[in-house]
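The structure appears right after this line, and notes come after that.
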There are 2 protein chains.
Amino acid sequence: MAETRRDRLRAATVEEIIRTARRLLVEQGQDAVTLRAIAREMGMTAPALYRYFDSHQELLTRLVGDLFNELTDVLGEALCTVSPDDLAGKFLVVAREFRRWALAHEREYALLFGNPVPGLDIDRDDFVAECGRRFGRVFMTLFLELWSKSPFPVRSDEEIDPSLRRQLARYRDAMSVSLPLGAILVFIQCWVRLQGSVSLEVLGHLGFALDDPAPLFELMLADLAPQLGLRYSPPER
Amino acid sequence: MAETRRDRLRAATVEEIIRTARRLLVEQGQDAVTLRAIAREMGMTAPALYRYFDSHQELLTRLVGDLFNELTDVLGEALCTVSPDDLAGKFLVVAREFRRWALAHEREYALLFGNPVPGLDIDRDDFVAECGRRFGRVFMTLFLELWSKSPFPVRSDEEIDPSLRRQLARYRDAMSVSLPLGAILVFIQCWVRLQGSVSLEVLGHLGFALDDPAPLFELMLADLAPQLGLRYSPPER
DNA sequence: TCGCTACGGTGAAAAGCGTTAACTGCTATG
DNA sequence: CATAGCAGTTAACGCTTTTCACCGTAGCGA
(Lines give C-alpha, C1' and ligand atoms only; values in the text may rest on other atoms or scores of the structure.)
Protein backbone atom coordinates (compact mmCIF):
# COMPACT_ATOMS: atom_id res chain seq x y z
CA MET A 1 0.00 0.00 0.00
CA ALA A 2 2.67 2.43 1.03
CA GLU A 3 4.56 1.08 -1.91
CA THR A 4 2.51 2.87 -4.49
CA ARG A 5 5.05 5.70 -4.44
CA ARG A 6 7.97 3.33 -4.77
CA ASP A 7 6.18 1.56 -7.60
CA ARG A 8 5.70 4.80 -9.40
CA LEU A 9 9.36 5.50 -8.99
CA ARG A 10 10.47 2.16 -10.28
CA ALA A 11 10.82 2.55 -14.02
CA ALA A 12 10.72 -0.43 -16.34
CA THR A 13 13.93 -1.41 -18.10
CA VAL A 14 14.54 -2.48 -21.65
CA GLU A 15 15.85 -5.80 -20.37
CA GLU A 16 12.66 -6.40 -18.42
CA ILE A 17 10.54 -5.68 -21.46
CA ILE A 18 12.55 -8.00 -23.67
CA ARG A 19 12.40 -10.70 -21.03
CA THR A 20 8.62 -10.38 -20.89
CA ALA A 21 8.38 -10.42 -24.68
CA ARG A 22 10.43 -13.58 -24.83
CA ARG A 23 8.32 -15.26 -22.18
CA LEU A 24 5.22 -14.53 -24.22
CA LEU A 25 6.97 -15.82 -27.34
CA VAL A 26 7.92 -19.07 -25.63
CA GLU A 27 4.65 -19.65 -23.85
CA GLN A 28 2.13 -18.51 -26.46
CA GLY A 29 3.90 -18.07 -29.78
CA GLN A 30 4.99 -15.17 -31.90
CA ASP A 31 1.51 -13.77 -32.40
CA ALA A 32 1.14 -13.35 -28.64
CA VAL A 33 4.06 -10.95 -28.47
CA THR A 34 1.91 -7.83 -28.69
CA LEU A 35 2.67 -4.52 -27.05
CA ARG A 36 -0.52 -4.72 -25.06
CA ALA A 37 0.25 -8.20 -23.80
CA ILE A 38 3.77 -7.24 -22.82
CA ALA A 39 2.52 -4.15 -21.03
CA ARG A 40 -0.25 -6.12 -19.35
CA GLU A 41 2.26 -8.64 -18.03
CA MET A 42 4.33 -5.82 -16.62
CA GLY A 43 1.40 -3.99 -15.10
CA MET A 44 1.49 -1.05 -17.43
CA THR A 45 -0.26 0.11 -20.59
CA ALA A 46 0.90 -0.32 -24.15
CA PRO A 47 1.76 3.30 -24.98
CA ALA A 48 4.28 3.33 -22.13
CA LEU A 49 6.45 0.95 -24.13
CA TYR A 50 6.95 3.69 -26.69
CA ARG A 51 9.24 5.35 -24.16
CA TYR A 52 11.64 2.45 -24.78
CA PHE A 53 11.03 1.44 -28.38
CA ASP A 54 10.01 3.38 -31.45
CA SER A 55 7.71 0.61 -32.55
CA HIS A 56 6.66 -2.98 -32.12
CA GLN A 57 9.07 -3.93 -34.90
CA GLU A 58 11.98 -2.37 -33.09
CA LEU A 59 11.17 -4.31 -29.95
CA LEU A 60 11.12 -7.53 -31.95
CA THR A 61 14.38 -6.56 -33.61
CA ARG A 62 15.99 -6.08 -30.24
CA LEU A 63 14.68 -9.47 -29.13
CA VAL A 64 16.16 -11.10 -32.22
CA GLY A 65 19.52 -9.53 -31.50
CA ASP A 66 19.48 -10.71 -27.91
CA LEU A 67 18.59 -14.22 -29.02
CA PHE A 68 21.48 -14.24 -31.47
CA ASN A 69 23.77 -13.23 -28.64
CA GLU A 70 22.45 -15.92 -26.34
CA LEU A 71 22.91 -18.58 -28.98
CA THR A 72 26.41 -17.30 -29.72
CA ASP A 73 27.29 -17.47 -26.03
CA VAL A 74 25.83 -20.95 -25.66
CA LEU A 75 27.94 -22.23 -28.55
CA GLY A 76 31.01 -20.49 -27.14
CA GLU A 77 30.51 -22.15 -23.77
CA ALA A 78 30.01 -25.53 -25.40
CA LEU A 79 33.32 -25.06 -27.21
CA CYS A 80 35.05 -24.51 -23.87
CA THR A 81 34.04 -27.96 -22.68
CA VAL A 82 36.19 -29.56 -25.37
CA SER A 83 39.92 -30.06 -25.02
CA PRO A 84 41.66 -27.39 -27.15
CA ASP A 85 43.32 -29.81 -29.54
CA ASP A 86 40.29 -31.99 -30.13
CA LEU A 87 39.29 -30.51 -33.47
CA ALA A 88 36.70 -33.14 -34.27
CA GLY A 89 35.22 -32.71 -30.82
CA LYS A 90 34.86 -28.98 -31.35
CA PHE A 91 33.10 -29.42 -34.66
CA LEU A 92 30.74 -32.04 -33.31
CA VAL A 93 29.94 -30.19 -30.10
CA VAL A 94 29.13 -26.96 -31.92
CA ALA A 95 26.90 -28.71 -34.43
CA ARG A 96 25.10 -30.71 -31.76
CA GLU A 97 24.74 -27.75 -29.45
CA PHE A 98 23.27 -25.69 -32.27
CA ARG A 99 20.65 -28.34 -32.85
CA ARG A 100 20.07 -28.80 -29.13
CA TRP A 101 19.46 -25.09 -28.59
CA ALA A 102 17.16 -24.98 -31.61
CA LEU A 103 15.04 -27.86 -30.33
CA ALA A 104 14.97 -26.46 -26.81
CA HIS A 105 13.94 -23.04 -28.13
CA GLU A 106 11.79 -23.76 -31.13
CA ARG A 107 9.97 -20.46 -31.22
CA GLU A 108 13.08 -18.43 -30.70
CA TYR A 109 14.76 -20.42 -33.45
CA ALA A 110 11.85 -19.80 -35.80
CA LEU A 111 12.16 -16.10 -35.12
CA LEU A 112 15.87 -16.15 -35.97
CA PHE A 113 16.00 -18.64 -38.81
CA GLY A 114 12.47 -19.14 -40.07
CA ASN A 115 10.36 -16.86 -42.21
CA PRO A 116 11.81 -13.39 -42.36
CA VAL A 117 9.79 -11.24 -40.00
CA PRO A 118 8.02 -8.73 -42.26
CA GLY A 119 9.52 -5.29 -41.88
CA LEU A 120 12.44 -6.66 -39.90
CA ASP A 121 15.24 -6.33 -42.39
CA ILE A 122 18.01 -7.97 -40.45
CA ASP A 123 20.72 -6.43 -42.57
CA ARG A 124 19.20 -2.96 -42.39
CA ASP A 125 19.36 -2.90 -38.60
CA ASP A 126 22.83 -2.27 -37.28
CA PHE A 127 22.30 -3.96 -33.94
CA VAL A 128 20.86 -7.20 -35.28
CA ALA A 129 23.31 -7.26 -38.18
CA GLU A 130 26.20 -7.11 -35.74
CA CYS A 131 24.69 -9.86 -33.59
CA GLY A 132 24.30 -11.98 -36.71
CA ARG A 133 27.89 -11.41 -37.73
CA ARG A 134 29.07 -12.28 -34.23
CA PHE A 135 27.07 -15.50 -34.45
CA GLY A 136 28.52 -16.33 -37.84
CA ARG A 137 32.02 -15.69 -36.56
CA VAL A 138 31.69 -18.58 -34.10
CA PHE A 139 31.52 -20.97 -37.00
CA MET A 140 34.02 -19.16 -39.16
CA THR A 141 36.56 -19.01 -36.33
CA LEU A 142 36.16 -22.69 -35.67
CA PHE A 143 36.46 -23.46 -39.35
CA LEU A 144 39.57 -21.34 -39.62
CA GLU A 145 41.10 -23.29 -36.78
CA LEU A 146 40.19 -26.61 -38.37
CA TRP A 147 41.80 -25.58 -41.61
CA SER A 148 44.93 -24.01 -40.18
CA LYS A 149 45.70 -26.85 -37.78
CA SER A 150 44.94 -29.63 -40.22
CA PRO A 151 44.16 -28.61 -43.79
CA PHE A 152 41.91 -30.88 -45.77
CA PRO A 153 41.73 -31.22 -49.53
CA VAL A 154 39.55 -28.64 -51.26
CA ARG A 155 38.77 -27.59 -54.81
CA SER A 156 41.31 -25.34 -56.45
CA ASP A 157 40.06 -21.93 -57.58
CA GLU A 158 40.03 -23.12 -61.19
CA GLU A 159 37.71 -25.97 -60.29
CA ILE A 160 35.07 -23.57 -58.99
CA ASP A 161 32.38 -22.05 -61.17
CA PRO A 162 33.39 -18.46 -62.00
CA SER A 163 30.22 -16.90 -60.62
CA LEU A 164 30.55 -18.85 -57.41
CA ARG A 165 34.25 -18.03 -57.25
CA ARG A 166 33.52 -14.31 -57.32
CA GLN A 167 30.93 -14.61 -54.58
CA LEU A 168 33.24 -16.69 -52.40
CA ALA A 169 36.02 -14.16 -52.86
CA ARG A 170 33.72 -11.33 -51.88
CA TYR A 171 32.57 -13.18 -48.78
CA ARG A 172 36.14 -14.07 -47.84
CA ASP A 173 37.13 -10.44 -48.12
CA ALA A 174 34.13 -9.31 -46.10
CA MET A 175 35.07 -11.74 -43.36
CA SER A 176 38.76 -10.89 -43.62
CA VAL A 177 39.87 -14.49 -43.41
CA SER A 178 42.72 -15.94 -45.39
CA LEU A 179 41.36 -19.21 -46.63
CA PRO A 180 41.42 -20.69 -50.12
CA LEU A 181 38.13 -20.24 -51.95
CA GLY A 182 37.67 -23.99 -51.93
CA ALA A 183 37.70 -23.97 -48.15
CA ILE A 184 35.20 -21.13 -48.00
CA LEU A 185 33.04 -23.24 -50.28
CA VAL A 186 33.25 -26.24 -47.96
CA PHE A 187 32.41 -23.97 -45.04
CA ILE A 188 29.25 -22.72 -46.70
CA GLN A 189 28.27 -26.20 -47.82
CA CYS A 190 28.61 -27.47 -44.26
CA TRP A 191 26.60 -24.58 -42.93
CA VAL A 192 23.83 -25.13 -45.45
CA ARG A 193 23.53 -28.78 -44.48
CA LEU A 194 23.67 -28.03 -40.77
CA GLN A 195 21.20 -25.16 -40.72
CA GLY A 196 19.08 -26.75 -43.42
CA SER A 197 18.52 -29.96 -41.52
CA VAL A 198 17.98 -28.22 -38.19
CA SER A 199 15.51 -25.78 -39.74
CA LEU A 200 13.53 -28.55 -41.36
CA GLU A 201 13.37 -30.45 -38.10
CA VAL A 202 12.49 -27.50 -35.87
CA LEU A 203 9.95 -26.03 -38.26
CA GLY A 204 8.23 -29.41 -38.40
CA HIS A 205 8.96 -30.31 -41.99
CA LEU A 206 10.41 -33.71 -41.27
CA GLY A 207 7.39 -34.97 -39.40
CA PHE A 208 5.97 -36.46 -42.59
CA ALA A 209 8.49 -39.27 -42.19
CA LEU A 210 10.28 -39.13 -38.84
CA ASP A 211 9.35 -38.33 -35.25
CA ASP A 212 12.94 -38.31 -34.07
CA PRO A 213 15.44 -37.03 -36.63
CA ALA A 214 18.35 -37.30 -34.18
CA PRO A 215 19.91 -40.36 -35.85
CA LEU A 216 19.54 -38.68 -39.24
CA PHE A 217 21.37 -35.67 -37.86
CA GLU A 218 24.18 -37.88 -36.60
CA LEU A 219 24.42 -39.54 -40.00
CA MET A 220 24.86 -36.10 -41.51
CA LEU A 221 27.64 -35.30 -39.06
CA ALA A 222 29.29 -38.60 -39.87
CA ASP A 223 29.13 -37.62 -43.51
CA LEU A 224 30.39 -34.08 -42.93
CA ALA A 225 33.30 -34.84 -40.59
CA PRO A 226 35.50 -36.69 -43.11
CA GLN A 227 35.04 -33.83 -45.57
CA LEU A 228 36.71 -31.63 -42.97
CA GLY A 229 39.43 -34.15 -42.30
CA LEU A 230 37.86 -35.04 -38.97
CA ARG A 231 36.95 -38.35 -37.45
CA TYR A 232 33.31 -38.71 -36.48
CA SER A 233 32.49 -40.10 -33.09
CA PRO A 234 28.98 -40.67 -31.74
CA PRO A 235 27.66 -38.46 -28.97
CA GLU A 236 28.28 -39.50 -25.39
CA ARG A 237 25.49 -41.22 -23.51
CA MET B 1 -26.11 0.90 -63.70
CA ALA B 2 -28.65 -1.54 -64.99
CA GLU B 3 -26.12 -4.12 -64.03
CA THR B 4 -26.77 -3.83 -60.35
CA ARG B 5 -29.23 -6.64 -60.61
CA ARG B 6 -26.84 -8.84 -62.57
CA ASP B 7 -24.12 -8.01 -60.06
CA ARG B 8 -26.34 -8.99 -57.19
CA LEU B 9 -26.98 -12.27 -58.92
CA ARG B 10 -23.34 -13.04 -59.48
CA ALA B 11 -22.18 -14.87 -56.38
CA ALA B 12 -18.54 -15.05 -55.47
CA THR B 13 -16.84 -18.39 -55.78
CA VAL B 14 -14.35 -20.08 -53.54
CA GLU B 15 -11.86 -20.08 -56.39
CA GLU B 16 -12.24 -16.34 -56.81
CA ILE B 17 -11.66 -15.74 -53.13
CA ILE B 18 -8.56 -17.92 -53.06
CA ARG B 19 -7.25 -16.20 -56.16
CA THR B 20 -7.71 -12.82 -54.52
CA ALA B 21 -6.07 -14.04 -51.33
CA ARG B 22 -3.10 -15.31 -53.28
CA ARG B 23 -2.76 -12.04 -55.17
CA LEU B 24 -2.62 -10.18 -51.87
CA LEU B 25 -0.07 -12.69 -50.56
CA VAL B 26 2.15 -12.22 -53.59
CA GLU B 27 1.83 -8.47 -53.84
CA GLN B 28 1.87 -7.45 -50.19
CA GLY B 29 2.93 -10.41 -48.08
CA GLN B 30 1.22 -12.80 -45.74
CA ASP B 31 0.09 -10.14 -43.27
CA ALA B 32 -1.90 -8.45 -46.02
CA VAL B 33 -4.07 -11.53 -46.54
CA THR B 34 -6.88 -10.32 -44.27
CA LEU B 35 -10.54 -11.07 -44.67
CA ARG B 36 -11.29 -7.38 -44.95
CA ALA B 37 -8.67 -6.85 -47.66
CA ILE B 38 -9.86 -9.86 -49.64
CA ALA B 39 -13.43 -8.69 -49.41
CA ARG B 40 -12.46 -5.12 -50.31
CA GLU B 41 -10.65 -6.36 -53.43
CA MET B 42 -13.75 -8.27 -54.43
CA GLY B 43 -16.14 -5.40 -53.76
CA MET B 44 -17.80 -7.01 -50.76
CA THR B 45 -17.55 -6.89 -47.01
CA ALA B 46 -15.61 -9.25 -44.75
CA PRO B 47 -18.49 -11.08 -43.09
CA ALA B 48 -19.68 -12.23 -46.51
CA LEU B 49 -16.62 -14.48 -46.71
CA TYR B 50 -18.00 -16.48 -43.81
CA ARG B 51 -20.51 -17.93 -46.28
CA TYR B 52 -17.54 -19.70 -47.87
CA PHE B 53 -15.13 -20.32 -45.01
CA ASP B 54 -15.62 -20.96 -41.32
CA SER B 55 -12.68 -18.75 -40.46
CA HIS B 56 -9.66 -16.89 -41.71
CA GLN B 57 -7.56 -19.93 -40.83
CA GLU B 58 -9.67 -22.19 -42.99
CA LEU B 59 -9.27 -19.84 -45.94
CA LEU B 60 -5.51 -19.90 -45.48
CA THR B 61 -5.60 -23.67 -45.17
CA ARG B 62 -7.43 -23.94 -48.45
CA LEU B 63 -4.87 -21.61 -50.05
CA VAL B 64 -2.05 -23.81 -48.78
CA GLY B 65 -3.71 -26.88 -50.23
CA ASP B 66 -4.17 -25.23 -53.60
CA LEU B 67 -0.54 -24.13 -53.63
CA PHE B 68 0.59 -27.68 -52.87
CA ASN B 69 -1.49 -28.86 -55.80
CA GLU B 70 -0.10 -26.25 -58.14
CA LEU B 71 3.46 -27.14 -57.19
CA THR B 72 2.69 -30.81 -57.60
CA ASP B 73 1.27 -30.18 -61.06
CA VAL B 74 4.23 -28.02 -62.06
CA LEU B 75 6.65 -30.77 -61.08
CA GLY B 76 4.55 -33.33 -62.89
CA GLU B 77 4.59 -31.29 -66.07
CA ALA B 78 8.33 -30.77 -65.80
CA LEU B 79 8.74 -34.53 -65.58
CA CYS B 80 6.85 -34.92 -68.84
CA THR B 81 9.43 -32.87 -70.71
CA VAL B 82 12.07 -35.51 -70.04
CA SER B 83 12.43 -38.63 -72.12
CA PRO B 84 10.97 -41.54 -70.13
CA ASP B 85 14.23 -43.47 -69.83
CA ASP B 86 16.40 -40.51 -68.85
CA LEU B 87 16.48 -41.17 -65.13
CA ALA B 88 19.16 -38.62 -64.35
CA GLY B 89 17.25 -36.05 -66.37
CA LYS B 90 14.10 -36.72 -64.37
CA PHE B 91 15.89 -36.29 -61.06
CA LEU B 92 17.62 -33.10 -62.15
CA VAL B 93 14.55 -31.54 -63.71
CA VAL B 94 12.39 -32.14 -60.65
CA ALA B 95 15.01 -30.73 -58.30
CA ARG B 96 15.63 -27.69 -60.46
CA GLU B 97 11.96 -27.10 -61.08
CA PHE B 98 11.27 -27.26 -57.35
CA ARG B 99 13.86 -24.56 -56.74
CA ARG B 100 12.67 -22.54 -59.70
CA TRP B 101 9.09 -22.54 -58.46
CA ALA B 102 10.23 -21.64 -54.98
CA LEU B 103 12.23 -18.66 -56.20
CA ALA B 104 9.46 -17.54 -58.52
CA HIS B 105 6.91 -17.82 -55.68
CA GLU B 106 8.82 -16.88 -52.57
CA ARG B 107 5.84 -15.94 -50.44
CA GLU B 108 3.86 -18.96 -51.47
CA TYR B 109 6.86 -21.13 -50.69
CA ALA B 110 7.25 -19.52 -47.28
CA LEU B 111 3.61 -20.30 -46.57
CA LEU B 112 4.11 -23.95 -47.49
CA PHE B 113 7.59 -24.65 -46.18
CA GLY B 114 8.51 -21.83 -43.81
CA ASN B 115 7.32 -21.22 -40.27
CA PRO B 116 4.29 -23.30 -39.46
CA VAL B 117 1.27 -21.03 -39.70
CA PRO B 118 -0.08 -20.84 -36.15
CA GLY B 119 -3.31 -22.73 -35.84
CA LEU B 120 -2.84 -24.30 -39.24
CA ASP B 121 -1.98 -27.84 -38.26
CA ILE B 122 -1.26 -29.22 -41.67
CA ASP B 123 -1.68 -32.80 -40.53
CA ARG B 124 -4.90 -32.07 -38.70
CA ASP B 125 -6.62 -30.80 -41.84
CA ASP B 126 -7.69 -33.54 -44.19
CA PHE B 127 -7.61 -31.44 -47.32
CA VAL B 128 -4.15 -30.00 -46.81
CA ALA B 129 -2.78 -33.30 -45.53
CA GLU B 130 -3.93 -35.01 -48.72
CA CYS B 131 -2.39 -32.26 -50.87
CA GLY B 132 0.85 -32.66 -48.95
CA ARG B 133 0.85 -36.39 -49.45
CA ARG B 134 0.15 -35.94 -53.14
CA PHE B 135 3.12 -33.58 -53.33
CA GLY B 136 5.35 -36.02 -51.50
CA ARG B 137 4.31 -38.81 -53.80
CA VAL B 138 5.83 -37.02 -56.78
CA PHE B 139 9.25 -37.46 -55.24
CA MET B 140 8.60 -40.91 -53.87
CA THR B 141 7.29 -42.14 -57.22
CA LEU B 142 10.32 -40.78 -59.01
CA PHE B 143 12.60 -42.29 -56.42
CA LEU B 144 10.87 -45.64 -56.72
CA GLU B 145 11.43 -45.53 -60.46
CA LEU B 146 15.09 -44.65 -60.03
CA TRP B 147 15.60 -47.55 -57.68
CA SER B 148 13.62 -50.13 -59.60
CA LYS B 149 15.16 -49.34 -62.98
CA SER B 150 18.69 -49.03 -61.72
CA PRO B 151 19.31 -49.92 -58.08
CA PHE B 152 22.17 -48.14 -56.35
CA PRO B 153 24.09 -49.36 -53.32
CA VAL B 154 22.46 -48.57 -49.98
CA ARG B 155 23.03 -49.44 -46.35
CA SER B 156 21.76 -52.80 -45.23
CA ASP B 157 19.15 -52.81 -42.48
CA GLU B 158 21.77 -53.90 -39.97
CA GLU B 159 23.92 -50.90 -40.79
CA ILE B 160 21.14 -48.51 -39.79
CA ASP B 161 20.65 -47.22 -36.27
CA PRO B 162 17.77 -49.18 -34.67
CA SER B 163 15.73 -46.10 -33.83
CA LEU B 164 16.11 -44.78 -37.34
CA ARG B 165 15.38 -48.24 -38.74
CA ARG B 166 12.04 -48.35 -36.93
CA GLN B 167 11.07 -44.91 -38.19
CA LEU B 168 12.03 -45.73 -41.75
CA ALA B 169 10.02 -48.93 -41.62
CA ARG B 170 7.00 -47.05 -40.34
CA TYR B 171 7.30 -44.47 -43.10
CA ARG B 172 7.79 -47.14 -45.74
CA ASP B 173 4.65 -48.90 -44.56
CA ALA B 174 2.69 -45.65 -44.47
CA MET B 175 3.72 -44.96 -48.05
CA SER B 176 3.15 -48.56 -49.10
CA VAL B 177 6.31 -48.75 -51.13
CA SER B 178 8.54 -51.78 -51.29
CA LEU B 179 12.01 -50.37 -50.94
CA PRO B 180 14.84 -51.44 -48.67
CA LEU B 181 15.15 -49.25 -45.60
CA GLY B 182 18.52 -48.06 -46.83
CA ALA B 183 16.88 -46.67 -49.95
CA ILE B 184 14.20 -44.93 -47.89
CA LEU B 185 17.03 -43.42 -45.92
CA VAL B 186 18.74 -42.11 -49.04
CA PHE B 187 15.41 -40.72 -50.20
CA ILE B 188 14.95 -38.75 -47.00
CA GLN B 189 18.55 -37.58 -47.00
CA CYS B 190 18.17 -36.27 -50.53
CA TRP B 191 14.96 -34.55 -49.65
CA VAL B 192 16.48 -32.89 -46.60
CA ARG B 193 19.33 -31.52 -48.65
CA LEU B 194 17.06 -30.39 -51.46
CA GLN B 195 14.41 -28.73 -49.34
CA GLY B 196 16.97 -27.51 -46.83
CA SER B 197 19.03 -25.63 -49.36
CA VAL B 198 16.00 -24.23 -51.19
CA SER B 199 14.43 -23.09 -47.93
CA LEU B 200 17.58 -21.35 -46.80
CA GLU B 201 17.87 -19.59 -50.12
CA VAL B 202 14.24 -18.55 -50.44
CA LEU B 203 13.90 -17.46 -46.83
CA GLY B 204 16.96 -15.27 -47.28
CA HIS B 205 19.34 -17.11 -44.98
CA LEU B 206 22.13 -17.47 -47.52
CA GLY B 207 22.41 -13.79 -48.23
CA PHE B 208 25.09 -13.41 -45.57
CA ALA B 209 27.50 -14.97 -48.05
CA LEU B 210 25.96 -15.34 -51.51
CA ASP B 211 23.68 -13.28 -53.73
CA ASP B 212 23.22 -16.06 -56.23
CA PRO B 213 23.21 -19.56 -54.73
CA ALA B 214 22.48 -21.20 -58.10
CA PRO B 215 26.00 -22.61 -58.56
CA LEU B 216 25.93 -23.92 -55.01
CA PHE B 217 22.66 -25.66 -55.77
CA GLU B 218 24.17 -27.24 -58.86
CA LEU B 219 27.13 -28.44 -56.81
CA MET B 220 24.71 -30.10 -54.45
CA LEU B 221 22.96 -31.83 -57.35
CA ALA B 222 26.33 -32.95 -58.66
CA ASP B 223 27.01 -34.41 -55.24
CA LEU B 224 23.59 -36.04 -54.92
CA ALA B 225 23.33 -37.60 -58.36
CA PRO B 226 26.13 -40.16 -57.96
CA GLN B 227 24.61 -41.26 -54.66
CA LEU B 228 21.53 -42.25 -56.67
CA GLY B 229 23.57 -43.94 -59.36
CA LEU B 230 22.90 -41.07 -61.74
CA ARG B 231 25.22 -38.98 -63.85
CA TYR B 232 25.06 -35.27 -63.21
CA SER B 233 24.82 -32.96 -66.18
CA PRO B 234 24.67 -29.18 -65.97
CA PRO B 235 21.44 -27.39 -66.80
CA GLU B 236 20.83 -26.42 -70.42
CA ARG B 237 21.43 -22.85 -71.61
C1' DT C 1 12.61 26.88 -0.92
C1' DC C 2 10.68 27.98 -5.44
C1' DG C 3 10.23 27.05 -10.22
C1' DC C 4 11.30 24.46 -14.25
C1' DT C 5 12.36 20.67 -17.11
C1' DA C 6 12.45 15.97 -18.27
C1' DC C 7 10.98 11.47 -17.43
C1' DG C 8 7.72 7.76 -17.20
C1' DG C 9 3.60 6.81 -17.01
C1' DT C 10 -1.96 7.36 -18.13
C1' DG C 11 -6.41 7.57 -20.90
C1' DA C 12 -8.65 8.55 -25.16
C1' DA C 13 -8.92 7.95 -29.82
C1' DA C 14 -7.98 6.64 -34.84
C1' DA C 15 -7.64 3.04 -38.04
C1' DG C 16 -7.58 -1.75 -38.98
C1' DC C 17 -8.11 -6.70 -37.71
C1' DG C 18 -11.37 -11.39 -36.95
C1' DT C 19 -15.75 -12.63 -35.71
C1' DT C 20 -20.75 -12.73 -34.47
C1' DA C 21 -25.51 -11.32 -34.81
C1' DA C 22 -29.42 -9.41 -36.81
C1' DC C 23 -31.17 -7.99 -40.87
C1' DT C 24 -32.36 -7.46 -46.07
C1' DG C 25 -33.21 -8.48 -50.60
C1' DC C 26 -33.50 -11.81 -54.15
C1' DT C 27 -34.15 -16.63 -56.20
C1' DA C 28 -36.16 -20.75 -56.62
C1' DT C 29 -39.17 -24.10 -55.15
C1' DG C 30 -43.40 -26.30 -53.40
C1' DC D 1 -48.44 -17.17 -54.21
C1' DA D 2 -46.11 -18.06 -50.07
C1' DT D 3 -42.06 -19.42 -48.26
C1' DA D 4 -37.44 -21.14 -47.42
C1' DG D 5 -32.82 -20.31 -48.16
C1' DC D 6 -28.95 -18.07 -50.11
C1' DA D 7 -25.69 -14.17 -50.42
C1' DG D 8 -24.93 -10.25 -49.11
C1' DT D 9 -25.31 -6.04 -45.71
C1' DT D 10 -24.62 -3.09 -41.25
C1' DA D 11 -23.49 -2.81 -36.44
C1' DA D 12 -20.91 -4.14 -32.83
C1' DC D 13 -17.28 -6.42 -29.64
C1' DG D 14 -12.74 -6.92 -28.47
C1' DC D 15 -8.41 -7.16 -30.12
C1' DT D 16 -4.21 -4.84 -32.48
C1' DT D 17 -0.50 -0.62 -33.30
C1' DT D 18 0.12 3.99 -32.86
C1' DT D 19 -0.45 9.01 -31.74
C1' DC D 20 -1.81 12.63 -28.77
C1' DA D 21 -2.66 15.32 -24.74
C1' DC D 22 -2.19 15.12 -20.15
C1' DC D 23 -0.35 14.36 -15.26
C1' DG D 24 2.58 13.56 -11.25
C1' DT D 25 7.04 13.07 -9.65
C1' DA D 26 12.36 13.75 -9.38
C1' DG D 27 16.00 16.45 -9.63
C1' DC D 28 18.25 20.64 -10.69
C1' DG D 29 19.48 25.68 -10.77
C1' DA D 30 18.51 30.11 -8.83
Side-chain angles (χ1 to χ4, degrees), chain A residues 1-21 23-25 27-64 111 117-121 125, chain B residues 1-25 27-64 107 111 117-121 125:
Chain A
M1 338 226 124
E3 293 202 355
T4 51
R5 213 168 98 229
R6 277 250 309 286
D7 286 350
R8 287 262 177 76
L9 282 178
R10 218 196 112 289
T13 67
V14 169
E15 286 71 27
E16 229 175 5
I17 297 170
I18 295 295
R19 220 179 312 132
T20 309
R23 192 161 49 76
L24 286 167
L25 172 69
E27 292 173 358
Q28 306 179 50
Q30 196 180 140
D31 288 357
V33 188
T34 68
L35 291 179
R36 296 184 115 237
I38 296 170
R40 200 184 309 129
E41 294 283 314
M42 302 182 65
M44 351 191 290
T45 59
L49 296 176
Y50 282 82
R51 298 280 170 199
Y52 303 89
F53 299 94
D54 286 344
S55 69
H56 183 233
Q57 287 292 346
E58 200 188 280
L59 192 156
L60 244 48
T61 300
R62 170 64 192 261
L63 175 57
V64 166
L111 195 59
V117 180
L120 195 154
D121 259 337
D125 184 278
Chain B
M1 345 223 121
E3 294 202 351
T4 51
R5 215 168 98 228
R6 277 251 308 285
D7 287 350
R8 288 266 178 70
L9 281 178
R10 219 194 111 288
T13 66
V14 170
E15 285 72 27
E16 230 174 3
I17 297 171
I18 295 295
R19 222 180 309 134
T20 309
R22 178 168 179 180
R23 193 160 48 75
L24 286 167
L25 171 70
E27 293 173 359
Q28 307 180 52
Q30 195 179 141
D31 289 356
V33 187
T34 68
L35 290 179
R36 289 185 132 100
I38 296 170
R40 203 183 307 128
E41 293 284 314
M42 301 182 66
M44 356 190 285
T45 59
L49 296 175
Y50 282 82
R51 297 279 168 199
Y52 302 89
F53 300 95
D54 287 343
S55 70
H56 183 234
Q57 286 293 346
E58 199 188 280
L59 192 156
L60 244 47
T61 300
R62 171 63 194 261
L63 176 56
V64 166
R107 286 173 160 154
L111 195 61
V117 180
L120 197 155
D121 258 336
D125 184 280

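Naming: A, B, ... by sequence-line order, numbering from 1 per chain.
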Test A:I38 against A:L59 for side-chain contact (heavy atoms from CB on, under 4.5 Å), laying out the working first. CA-CA 11 Å; A:I38 296 170; A:L59 192 156; 3.9 Å; yes
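Summarising the geometry, the separation between CD on B:Q57 and C1' on C:dT19 is reported as 13 Å, rounded to the nearest angstrom. Between the CD1 atom of A:I17 and the P atom of C:dG8 there is a distance of 10 Å, given to the nearest Å. What separates CD1 of B:I38 from P of C:dC17 is a distance of 11 Å, to the nearest Å. Atoms CG (B:L24) and P (C:dG18) sit 11 Å apart, rounded to a whole Å. Rounding to whole angstrom units, CZ of residue A:R51 and C1' of C:dA6 are separated by 9 Å. A straight line from CG of B:L49 to C1' of D:dC6 spans 15 Å, rounded to a whole angstrom. Distance CG (A:L59) to C1' (D:dT18): 14 Å, rounded to an integer number of Å. Between the NE2 atom of B:H56 and the P atom of C:dT20 there is a distance of 14 Å, rounded to whole Å.
Looking at heavy atoms from C-beta onward, A:T45 lies out of side-chain contact with A:R40 at the 4.5 angstrom threshold. For the pair B:Y50 and B:L35, the minimum side-chain heavy-atom distance is below 4.5 Å. A 4.5 Å side-chain heavy-atom check between B:L24 and B:Q30 finds every atom pair outside the cut-off. Between A:I17 and A:R62, the closest side-chain pair of non-hydrogen atoms is not below 4.5 Å. Between B:F53 and B:V14, some side-chain heavy-atom pair lies under the 4.5 Å cut-off.
Remark on DNA chain D: of its neighbouring residues A:D54 and A:A37, the 5'-side contact belongs to A:A37, judged by nearest-heavy-atom nucleotide.
Counting non-hydrogen atoms under 4.0 angstrom, A:Y52 reaches the backbone sugars and phosphates but no base.
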Got a list of protein N/O to nucleotides 10-15 of chain D N/O distances below 3.5 Å?
none

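Note on B:Y50: a side-chain N or O is less than 4.0 Å away from OP1 or OP2 of C:dT19.
Closest to the side chain of B:M44, out of D:dT9, D:dC22, D:dT17, is D:dT9.
Without hydrogens or angle criteria, A:Y52 side chain to A:E15 main chain gives no donor-acceptor distance under 3.5 Å.
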